[in-house]
Structure formats: structure tokens, C-alpha cells
Amino acid sequence: MPGGPDNFISIDPGGNRVSPAGTYIAGYVRGFYGQLANVHEEILAYAKEHQLDPVGPVYTEYLHDEICLRDPIDYLAKVSVRIKGA
């Protein structure tokens, strides 16, 4: 892709960690690692409030981290959980 990235980095080069297909509830949070506040609890509370059944683990993906940003306060993480039957 012209103008796009010319290299990528993966902390899972074998590709063994893949989230299953399905519908997910996701939340985004900015900040350094471990500063996810209570986004996990908020996602699970939302699921309960809307009679959704979370299945499997809660995934945390760091979308922007030290590889592309200098200031840890700007790191961006996506927290998601799959919803059963959706």
C-alpha cells in the first residue's frame, strides 16, 4: 500500500493467539500499561445490564504503545469480550 507502513512487529510471531470469530463488546482506554482503570468491569456490567452473555476471556490489545508513541499517557488499548449467541 503506497504511503502505508513498510514493517510490522508482532509479539506473537507464530500467530497462535487468535480471538475466535463472533460479536464482541469493546472499550478503549488511554494510558500506560496497567492503567486500564475499570474498563473490564464496565464492559461486564454493560453486558449484564443488556442481558448479554460474555463468553471466554477478556482480551486486551495494545493498539498504540512504545513502538509508535513516546509518551505512555497516549498509549491506546482495546479491551473486548465475546458475546454468546450474538
Side-chain angles (χ1 to χ4, degrees):
M1 175 169 95
D6 59 3
N7 59 18
F8 298 87
I9 186 168
S10 173
I11 57 172
D12 182 28
N16 296 326
R17 295 183 183 208
V18 177
S19 0
T23 301
Y24 287 76
I25 297 175
Y28 296 84
V29 62
R30 286 201 179 277
F32 192 64
Y33 304 122
Q35 294 179 329
L36 296 176
N38 60 347
V39 71
H40 298 87
E41 290 85 7
E42 288 179 18
I43 289 173
L44 296 176
Y46 177 90
K48 184 176 181 181
E49 179 181 330
H50 291 87
Q51 291 83 41
L52 301 170
D53 190 14
V55 177
V58 174
Y59 295 95
T60 303
E61 301 170 68
Y62 292 95
L63 306 173
H64 296 155
D65 56 14
E66 70 273 0
I67 294 169
C68 59
L69 296 169
R70 289 180 190 249
D71 192 347
I73 200 164
D74 291 327
Y75 291 2
L76 178 65
K78 173 185 169 187
V79 180
S80 60
V81 64
R82 191 164 60 99
I83 302 302
K84 182 178 181 180

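Count residues from 1 along the sequence. These numbers come from the heavy atoms of this one structure, side chains and all, not from hydrogens, waters or symmetry mates.
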J.: What's the verdict on side chain to side chain contact (heavy atoms under 4.5 Å, CB included) for Glu42 and Val79, showing C-alpha distance, side-chain angles and the deciding distance?
T.: CA-CA 10 Å; Glu42 288 179 18; Val79 180; over 6 Å; no
J.: Each residue besides Tyr28 in its hydrophobic cluster should be listed here, by chain and number; the cluster joins Ile, Leu, Val, Met, Phe, Trp and Tyr at side-chain heavy-atom distances under 4.5 Å.
T.: Leu63, Leu76
J.: Show the nearest heavy-atom pair for residues Ile43 and Gly27, with the distance to one decimal.
T.: CD1-N, 3.6 Å
J.: For residues 48-58, which side-chain N or O atoms pair as donor and acceptor with protein atoms under 3.5 Å away, sequence neighbours left out?
T.:
from: His50; atom 1: ND1; to: Tyr46; atom 2: O; distance (Å): 3.0
from: Gln51; atom 1: NE2; to: Glu49; atom 2: O; distance (Å): 3.3

J.: Not counting sequence neighbours, list each pair that qualifies as a side-chain hydrogen bond (donor to acceptor under 3.5 Å, both in side chains) and has a residue in residues 68-83.
T.: none
J.: Which pairs count as ring-ring contact (aromatic ring centres under 6.0 Å, His included) when at least one residue sits in residues 54-73, sequence neighbours excluded?
T.: Tyr33-Tyr62
